[in-house]
Structure formats: structure tokens, C-alpha cells
Peer 1: 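Submitted below is the structure of interest, expressed as C-alpha cells.
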Amino acid sequence: MASAIVNIFKIPELRRRVLFTLFILIVYRIGAHIPIPGINIEALKSYFDQASKSQAGGLVDFFDLFAGGALKRFTVFALGIMPYISASIIMQLLTVVIPQLERISKEGPEGHKKINQYTRYGTVLLCAIQSLGLTFWMKSMSSAKGTVVPKDAGIGFIIVTVMAITTGTMILMWLGEIITERGIGNGISLIIFAGIVVRVPAAAMDTWQRVVDRSDPIIGIILVGIFVLVVAASILLTLGIRKIPVNYGKRVVGRRMVQMSSQAIPLRVNAAGVIPIIFASSIILFPAQISNMLGGSEYKIMQTLQYWLSPGHGVYMFIYAMLIIFFCYFYTAIQFNPVDIADNLKKYGGFIPGIRPGPNTADYIMRILNRITLSGAIFLAFIAVVPDFIIRIWPEEVSHEMAYLFGGTSLLIIVGVALDTLKQIESQLLMRHYDGFIKKGRIRGRYQ
């Protein structure tokens with residue numbers, strides 16, 4: 001691997017791409033420390049130190065994880081790139097539901113350009129709504145060191161804050177696009193990846209200090225073992241593929257009859273990626289957010305609801321797992337249409353051995369897809385609830401931030417982005433006759 005890293009800098013084009021990507025990520029991290037004008041930093045820090053000891057602290061830590069720590073600091077990148085991800089997911093769903101959008105998406109490059117333009121408009125709208133909610137939340141914050149926002153802050157502060165946060169998200173979207181175009185890897189994914197990875201050292205040191213204070217090294221060894229197992233499970237889930245063999249009949253090429261080569265249809269075990277976790281998290285955390293906004297501490301029903309839906313509770317973990325399994329099937333059904341695949345195979349003379357073309361092929365593919373989706377959904381739900389098990393078993397030894405780094409969306413993003421980026425670098429090295437990271441064989445990406 002050391003020689004492969006040296007080879008990266010021997011290739012001028014690859015060296016420029018890697019250095020450009022690192023430069024943009026550094027710019028992103030600098031922007032994540034530029035606070036909103038008019039914020040009382042000391043009062044803000046005191047507020048979150050106090051909130052970390054309550055149930056709401058886990059909720060804030062979860063969202064702050066994907067903002068790279070910018071949410072707790074209320075910087076211009078407080079929302080991170082997640083509004084763009086949410087807008088992309090919504091646009092994908094609308095493309096399936098609305099026939100006009102479906103026709104546009106099938107118009108080739110021009111259609112994709114229009115869909116991307118609509119996605120950007122949706123991102124601006126989501127940013128404006130979410131940043132407005134953040135602004136009112138900031139105005140309600142107070143701690144022992146005073147209010148986070150000056151009491152005399154009026155409509156001018158709200159407008160400036162909404163514009164600053166919305167502009168910050170749009171800049172992140174632009175940075176991600178130029179990384180994809182001029183750098184190495186997927187820019188949007190790398191920005192999320194950098195925001196998560198940068199939190200690992202501080203969270204690990206905090207957890208280590210807690211374990212040392214408890215004077216119980218066995219807990220530290222168990223935590224390391226769980227981390228290794230979850231990473232291995234995330235890699236298996238990311239790379240897991242079921243291949244369906246496909247044969248083609250003979251074709252006339254020129255004046256000769258040629259037998260077409262056999263191929264395979266790759267079905268991913270986790271075709272939905274991390275989207276089921278994002279959907280499930282948004283839904284299960286929504287009642288707790290509403291309860292906090294309505295003053296849940298004053299009503300017994302609200303208190304009970306907050307207790308049941310607090311991270312680490314048995315009811316929370318069960319509902320969370322069921323939602324993940326449901327959204328795995330839902331999103332896979334949207335993204336993968338067995339009828340279209342069967343029709344395309346029949347059109348080009350392909351067939352699955354032992355299966356009649358047409359509806360029988362579609363039923364066969366659907367049956368296999370349902371089976372592998374079930375196993376992938378259960379596996380994904382297990383990885384997603386690992387942080388909640390850790391919080392429930394060791395609430396004093398492990399912080400919420402470190403627990404969320406142990407599993408769920410964070411690890412799947414880290415593993416998936418790392419594999420895809422290494423795959424691209426590996427391809428560049430092998431194309432120029434350099435040794436890659438693995439001498440025997442190539443690194444497999446999520447779609448291989």
C-alpha cells in the first residue's frame with residue numbers, strides 16, 4: 001500500500017485530482033468554523049454542554065454528526081449538505097409518482113440537467129425552511145452565561161441568518177460538484193465523509209477518558225471488538241451482491257452466426273443504501289421534536305412519549321428497526337423494476353436459464369429481490385440500532401457522539417465512500433500500468 005500511495009503522486013493528472021480534492025475538503029472544514037454573526041459563542045457552548053446530559057442531547061448529536069460539528073457551533077455550514085440529499089431523494093420519489101417528471105428524466109442528458117435544476121430549487125426551499133427553524137431555536141436558547149442571541153435581535157437578524165445558512169449549503173453543493181468534476185471520487189459523498197471522520201479522534205478520546213475514569217479496561221476491549229465487527233458487517237452489507245446468470249442466443253454479425261457471451265444481473269443486498277435509515281430517523285424523531293416544541297415537560301402524555309421514543313429505549317429500537325425494514329422494501333421497489341428488466345432481456349434475446357421470458361422472468365427476479373432485500377434490511381436494521389444498544393448498556397462510558405459513530409448511517413457512509421474512492425484511484429493506477437493497493441485482484445466498489 002505504501003508503494004501505491006507513492007505511485008499516486010507519480011502520475012501528474014492523478015496527483016492534481018487528489019491534491020485538489022484535499023484542498024476543497026480543507027476549505028469545507030474552515031467554513032465549518034465560521035459562526036453566524038451575532039451569536040454568543042460562550043452561551044451557545046454552555047447551552048449544549050447542559051443539553052448533552054438530557055435526552056435532547058442525543059437528538060442534537062445525531063443531526064450534528066452529518067453537519068461535521070457545524071450545527072452545534074451554528075456556523076454558515078450548520079445544515080451541511082443534507083438539504084441537498086433530502087431534495088434529491090424527494091425528486092427521485094416524485095419522478096416515479098409524477099408522469100411529467102418521469103418523461104423528463106428519460107430525455108437523456110438534457111432531461112437529467114432539468115431534474116438537477118429542479119433539485120437545486122428544492123434545496124434552496126428546504127434550506128430556507130430549515131434555517132428559519134434554526135433561527136427561532138437559537139432565539140429561544142439561554143444558559144447560565146446569557147442568551148445565545150441578543151434579546152434585541154429582530155427581523156434583520158432572522159434575514160441575515162437564513163441567508164447565511166442557505167448560502168452556506170449552496171456553497172457546499174457547489175464544492176461537491178467541482179470535486180466530482182475536477183477531483184477524485186463523488187464530491188457530495190466526500191463532504192459528508194469528511195464531516196463524519198473529523199469527529200472520530202475527539203469522540204474516541206472522550207470515550208477513552210470515560211473508560212479510564214471508570215477503571216474498567218474490559219469495557220474498552222469490548223467496545224473495540226464491537227467496532228471491528230460493525231465495520232466488517234458494514235463492508236459485507238455494502239459489497240454484498242447476488243448475481244443472476246443471463247444467456248443470449250446466437251446473432252448474425254456480418255455473414256457469420258456468433259454466440260453471444262453470457263452475462264449476469266447484479267442485485268445488491270442493500271440496494272437502498274443508507275436512505276432507509278435517513279427516512280426512519282426523520283419519522284421516529286419527529287414526535288419528539290413536536291413534543292419539545294409544545295413544551296412536553298408540562299404534560300404527562302408528552303413525557304411518556306419522549307421516554308418511549310428516546311434513543312436506547314426498547315420501544316424506540318423496535319419501531320426504528322421496523323421502519324428501516326419497511327423503507328428498504330419501499331425504496332428498492334421504486335429503484336428496481338423487474339418488469340422493465342424482463343422486457344429488456346426479451347427485446348435483446350436474453351433469458352435466464354430454466355425460466356421462460358416475459359412475466360415468468362419478472363416473477364423470478366422479484367422473488368429473488370424480495371429474499372435478498374429481507375436479509376439486507378434485517379442486517380441494516382441491526383447495524384442501525386447498535387448505537388442505541390451501546391447507549392443503553394454503557395450510558396456513562398460512551399458518549400452519544402461516539403455511539404453514533406459506531407454504527408448506522410455514519411459507518412455505512414464511511415465504508416461506502418472509502419471503497420468507491422479507492423476503486424477510482426485503483427482504476428487510475430492500473431490504467432497507467434502501476435501497482436494498485438491490492439496486487440492480486442482489484443478493489444470492488446459498491447456497484448461491482
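Atoms considered below: every heavy atom in the structure, side chains included; atoms not considered: hydrogens, waters and symmetry mates.
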Peer 1: Are any of the side-chain heavy atoms of Leu172 and Tyr84 separated by less than 4.5 Å?
Peer 2: no
Peer 1: Using side-chain heavy atoms (C-beta onward) and a distance below 4.5 Å, is Phe193 in contact with Leu25?
Peer 2: no
Peer 1: Only one of Asn186, Leu175, Val417 forms a side chain to side chain contact (heavy atoms under 4.5 Å, CB included) with Ile191, so which one is it?
Peer 2: Leu175
Peer 1: Within a strict 4.5 Å, meaning less than it, do heavy atoms of the Phe77 and Thr169 side chains meet?
Peer 2: no
Peer 1: If you round to the nearest 0.5 Å, how far is CE of Met173 from CD1 of Ile85?
Peer 2: 11.0 Å
Peer 1: Just checking Met322: does its CE atom have more than 12 heavy atoms from other residues, nucleotides or ligands closer to it than 6.0 angstrom?
Peer 2: yes
Peer 1: Dump the intermediate steps for side-chain contact (heavy atoms from CB on, under 4.5 Å) on Ile414 and Val197, then the final yes or no.
Peer 2: CA-CA 8 Å; Ile414 291 174; Val197 170; 4.2 Å; yes
Peer 1: So which heavy atom on Val162 is nearest to which on Ser131, and how close?
Peer 2: CG1-OG, 3.4 Å
Peer 1: Nearest 0.5 Å please: distance from the CD1 atom of Ile129 over to the CG atom of Leu79.
Peer 2: 11.5 Å
Peer 1: Looking at Arg182, I'd like to know if its CZ atom is crowded, meaning that more than 12 non-hydrogen atoms belonging to other residues, nucleotides or ligands lie closer than 6.0 Å.
Peer 2: no
Peer 1: Using a strict 4.0 Å threshold on nitrogen-to-oxygen distance, state whether Glu13 and Arg17 make a salt bridge.
Peer 2: yes
Peer 1: Sub-3.5 Å donor-acceptor pair from the side chain of Thr21 to the main-chain atoms of Ile184, do we have one?
Peer 2: yes
Peer 1: Where is the tightest heavy-atom contact between Leu369 and Phe336, given as atom of each residue plus distance?
Peer 2: CD2-CD2, 3.5 Å
Peer 1: Could you check whether any side-chain N or O of Thr180 sits under 3.5 Å from a backbone N or O of Gly187, counting only pairs where one atom can act as donor and the other as acceptor?
Peer 2: yes
Peer 1: Taking side chain as C-beta onward, heavy atoms only, is Val269 less than 4.5 Å from Phe379?
Peer 2: no
Peer 1: When you compare the side chain of Phe74 with that of Thr161, does any pair of heavy atoms fall below 4.5 Å?
Peer 2: no
Peer 1: Sequence neighbours excluded, which residues qualify as side chain to side chain contact (heavy atoms under 4.5 Å, CB included) partners of Tyr329?
Peer 2: Ile325, Asn370, Thr373, Leu374
Peer 1: In Å and rounded to the nearest 0.5 Å, what is the CG to CG distance from Leu22 to Leu190?
Peer 2: 9.5 Å
Peer 1: Taking all heavy atoms of Gly195 and all of Val198, pick out the closest pair and write down the distance.
Peer 2: O-CG1, 3.4 Å
Peer 1: Evaluate the side-chain proximity of Gln117 to Tyr121: yes if any heavy-atom separation is below 4.5 Å, no if none is.
Peer 2: yes
Peer 1: With rounding to the nearest 0.5 angstrom, report the OG1 to CE distance, Thr119 to Met91.
Peer 2: 4.5 Å
Peer 1: Please work out which of the three classes, parallel, tilted or perpendicular, describes the rings of Phe23 and Phe20, given edges at 30° and 60°.
Peer 2: tilted
Peer 1: Going through the distances and angles, do Val385 and Phe318 end up as a side-chain contact (heavy atoms from CB on, under 4.5 Å)?
Peer 2: CA-CA 9 Å; Val385 299; Phe318 176 77; over 6 Å; no
Peer 1: Using the side-chain contact (heavy atoms from CB on, under 4.5 Å) rule, take Glu107 and Lys114 through it: C-alpha gap first, then chi angles, then the decisive distance, then the call.
Peer 2: CA-CA 10 Å; Glu107 292 178 357; Lys114 289 183 181 179; 4.2 Å; yes
Peer 1: Taking all non-hydrogen atoms of both residues into account, name the closest pair between Pro266 and Ile241 and its distance.
Peer 2: CB-CG2, 3.8 Å
Peer 1: State the CD1-CG distance between Ile341 and Leu267, to the nearest 0.5 angstrom.
Peer 2: 7.0 Å
Peer 1: If I compare all heavy atoms of Ala164 with all of Ile36, which pair ends up nearest, and what's the gap?
Peer 2: CB-CD1, 4.0 Å
Peer 1: Is the closest side-chain heavy-atom distance between Leu101 and Tyr118 below 4.5 Å?
Peer 2: yes
Peer 1: Can you tell me how far apart OG (Ser234) and CG (Leu239) are? Round to the nearest 0.5 Å.
Peer 2: 10.5 Å
Peer 1: Are any of the side-chain heavy atoms of Gln130 and Met82 separated by less than 4.5 Å?
Peer 2: no
Peer 1: Between Ile39 and Phe157, does the side-chain contact (heavy atoms from CB on, under 4.5 Å) criterion hold? Intermediate values first, please.
Peer 2: CA-CA 10 Å; Ile39 298 295; Phe157 172 80; 4.1 Å; yes
Peer 1: Could you tell me which non-hydrogen atom of Met170 sits nearest to which non-hydrogen atom of Thr123, and how far apart they are?
Peer 2: SD-CG2, 4.0 Å
